[in-house]
**Student:** 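Sharing a structure here in structure tokens format.
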Amino acid sequence: MQRFLLRRSISIVISLFGASIVIFSMTRLAHDPRELFVPDTGYGMSEEQWEALGDRMGFNRPIPIQYLSWVGNMLRGDFGKSIHQELQVRDIIMGKMGATIQLAVGGWLFAIVVGVPLGVAAASTRGTAWDYLSRGFALFGQALPQFWTGIMAILIFAVLLQWLPAGTRGDEFGFDIRYYILPCVVLGWPAAAGIMRLTRSAMLEVLDSEFVKLARAKGVGGFQVIWKHALKNALIPPLTSALLLMAGYLNGALVVETVFSWPGIGWLALNRAVYDNDFPLLQGTVFTFILFYLFFALLADILYAVIDPRIRYS
């Protein structure tokens with residue numbers, strides 16, 4: 001296990017190194033970053049002032065030196081200062097992190113609580129009406145785009161029936177579950193469909209295995225065979241999908257956050273970093289996305305051995 005963790009740690013470091021080069025290059029190769037601070041290049045500024053701005057912000061130094069300085073700041077948690085908001089990027093991201101975590105956890109729980117039981121039920125009743133209904137749920141969940149389901153959910157449940165709010169988080173200092181139902185369901189439905197299909201496929205393979213047939217022959221009850229013996233051995237594909245799914249949700253569900261006016265990281269990356277061409281904020285959000293993804297990928301590898309003792313890391 002120790003050797004495995006060491007190899008995975010090295011691969012994570014290599015991945016972060018490669019990602020940092022890509023992120024840094026994309027903000028330096030297109031144009032001089034000073035043009036973002038002074039949109040009309042040179043207008044109202046002398047050449048000496050232009051060079052002084054470059055010296056003060058470090059843009060006149062060689063590119064390798066700029067990169068090493070930027071990486072050093074990133075490792076210390078210093079993502080720089082936003083161009084337009086004139087605030088520390090770290091503080092801006094942390095301010096949106098709570099909204100993203102709430103939406104991510106809600107959508108993830110919906111996907112797991114709905115997807116896994118549906119997959120188990122569909123596999124254990126294959127060929128029945130329940131199996132076809134579950135597969136229909138998965139088909140629509142994966143086929144319908146989230147912006148459409150979000151708009152239809154608002155139209156039906158917020159406008160016509162007036163059961164739920166149309167968007168936003170409600171009171172920032174309170175918690176009203178009504179504001180979370182539509183965004184979390186719309187966010188989690190495609191993932192629940194994918195997890196349902198993975199669970200069903202894995203369960204069908206396990207249910208046809210010899211040890212399950214032996215358990216049935218020994219008189220073990222159907223409920224215990226399915227939920228204790230079969231499901232435990234079929235969890236690895238859904239587990240991988242679920243953990244990487246959480247990483248994706250924490251990276252910001254851009255479409256859902258936009259449709260429901262949810263002030264999370266995805267909304268921040270699009271409306272404040274991309275649209276405003278705020279490259280320090282964009283660098284910070286993308287780097288945060290990568291860290292989330294690598295962490296959950298490592299967590300998935302570790303949990304494999306916990307769920308299935310047959311897996312050995314050497």
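Position 1 is the first residue of the sequence; numbering continues from there.
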**Student:** When you look at CE of Met94, are more than 12 heavy atoms from neighbouring residues, nucleotides or ligands closer to it than 6.0 Å?
**Tutor:** no
**Student:** State which residues pass ring-ring contact (aromatic ring centres under 6.0 Å, His included) with Phe137; sequence neighbours excluded, sorted by chain then number.
**Tutor:**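 Listed in chain order: Trp189.
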**Student:** Grab the two heavy atoms, one from Ile93 and one from Thr288, that are nearest each other, plus how far apart they are.
**Tutor:**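 Residues Ile93 and Thr288, closest heavy atoms: CD1-OG1, 3.8 Å.
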**Student:** So if I apply the ring pair (Phe, Tyr, Trp, His ring centres under 6.0 Å) rule between Phe24 and each of Phe287, Phe17, Trp70, which one comes out positive?
**Tutor:** Trp70
**Student:** Under 4.5 Å between side-chain heavy atoms, hopping through other hydrophobics if needed: is there a path connecting Leu245 to Val113?
**Tutor:** no
**Student:** Are Val186 and Phe140 in one and the same hydrophobic cluster, where Ile, Leu, Val, Met, Phe, Trp and Tyr link if side-chain heavy atoms are under 4.5 Å apart?
**Tutor:** yes
**Student:** Identify the two heavy atoms, one from Pro263 and one from Lys96, that lie closest to each other, and give their separation to 0.1 Å.
**Tutor:**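 Heavy atoms of Pro263 and Lys96 come nearest at O-CD, 3.3 Å.
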**Student:** Kindly compute the distance separating CD1 (Ile290) from CD1 (Ile12), expressed to the nearest 0.5 Å.
**Tutor:** 12.5 Å
**Student:** Same cluster or not: Leu155 versus Leu164, using hydrophobic residues (I, L, V, M, F, W, Y) connected whenever any side-chain heavy atoms lie under 4.5 Å apart?
**Tutor:** yes
**Student:** Among the clusters formed by ILVMFWY side chains lying less than 4.5 Å apart, do Val13 and Val71 turn up in the same one?
**Tutor:**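 No, because Val13 and Val71 fall into different hydrophobic clusters, even though each may have its own neighbours under 4.5 Å.
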**Student:** Do the non-hydrogen side-chain atoms of Met196 and Ser134 ever get within less than 4.5 Å of each other?
**Tutor:** yes
**Student:** Taking all atoms of both residues into account, what is the closest heavy-atom pair of Pro238 and Ile195, and its distance?
**Tutor:**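 Taking every non-hydrogen atom into account, CB-CG2, 4.4 Å.
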**Student:** Atom CG of residue position Leu161 - does it have more than 12 heavy atoms of other residues, nucleotides or ligands inside 6.0 Å?
**Tutor:**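 Enclosed.
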**Student:** I'd like to check Ile154 versus Phe260 (side-chain heavy atoms, cut-off strictly below 4.5 Å). Are they in contact?
**Tutor:** yes
**Student:** Check the hydrophobic clustering (I, L, V, M, F, W, Y; side-chain heavy atoms under 4.5 Å; chains of links allowed) and say if Met203 and Leu198 are grouped together.
**Tutor:**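 Met203 and Leu198: separate clusters.
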**Student:** Looking at every non-hydrogen atom in both residues, tell me the closest pair between Gly188 and Ala111 and how far apart they are.
**Tutor:**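 Here Gly188 and Ala111 meet closest at O-CB, 3.7 Å.
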**Student:** Not counting sequence neighbours, list each pair that qualifies as a ring-ring contact (aromatic ring centres under 6.0 Å, His included) and has a residue in residues 107-134.
**Tutor:** none
**Student:** Supply the atom-to-atom distance Asp91 CG to Phe79 CZ, rounded to the nearest 0.5 angstrom.
**Tutor:** 11.0 Å
**Student:** Could you state the interatomic distance from CG (Asn73) to CG (Leu68), rounded to the nearest 0.5 Å?
**Tutor:** 11.0 Å
**Student:** Nearest 0.5 Å please: distance from the CD1 atom of Ile265 over to the OG1 atom of Thr285.
**Tutor:** 8.5 Å
**Student:** Just grab all the salt bridge (charged side-chain N to carboxylate O under 4.0 Å, His left out) pairs involving residues 97-126, residues at least two apart or on different chains.
**Tutor:** Arg126-Asp208
**Student:** With sequence neighbours left out, what residues match Arg200 under salt bridge (Lys or Arg N to Asp or Glu O under 4.0 Å)?
**Tutor:**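 Arg200 satisfies salt bridge (Lys or Arg N to Asp or Glu O under 4.0 Å) with Asp131 once adjacent residues are dropped.
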**Student:** Check whether any side-chain heavy atom of Phe157 sits under 4.5 Å from a side-chain heavy atom of Ile181, and report yes or no.
**Tutor:** no
**Student:** Would you say the ring centers of Trp262 and Tyr179 fall short of 6.0 Å from each other?
**Tutor:** no
**Student:** What is the minimum heavy-atom distance between Val89 and Ser82, and which atoms define it?
**Tutor:**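 Residues Val89 and Ser82, closest heavy atoms: CG2-N, 3.8 Å.
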**Student:** Provide the closest heavy-atom pair for Thr100 versus Gly264 in the form atom of the first, atom of the second, distance.
**Tutor:** OG1-CA, 3.2 Å
**Student:** Quick check: do Gln146 and Val259 have side-chain heavy atoms less than 4.5 Å from each other?
**Tutor:** no
**Student:** Does the side chain to side chain contact (heavy atoms under 4.5 Å, CB included) test come out yes or no for Val185 and Thr149, once each step is laid out?
**Tutor:** CA-CA 10 Å; Val185 171; Thr149 56; over 6 Å; no
**Student:** The criterion is side chain to side chain donor-acceptor pair (under 3.5 Å); which residues satisfy it with Arg90, sequence neighbours excluded?
**Tutor:**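 Partners of Arg90 under the side chain to side chain donor-acceptor pair (under 3.5 Å) test: none.
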**Student:** Flag the pair Leu133 / Leu118 as yes when at least one side-chain heavy-atom distance between them is below 4.5 Å, and no otherwise.
**Tutor:**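 They are not in contact (no side-chain heavy atoms under 4.5 Å apart), so the answer is no.
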**Student:** What pairs of residues pass the side-chain hydrogen bond (donor to acceptor under 3.5 Å, both in side chains) test when at least one of them lies in residues 12-23, not counting sequence neighbours?
**Tutor:**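 side-chain hydrogen bond (donor to acceptor under 3.5 Å, both in side chains) check on residues 12-23 returns Ser20-Tyr67.
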**Student:** For the atom pair CD1 (Ile151) and CD1 (Ile156), what is the distance rounded to the nearest 0.5 Å?
**Tutor:**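 It is 12.0 Å, given to the nearest 0.5 Å.
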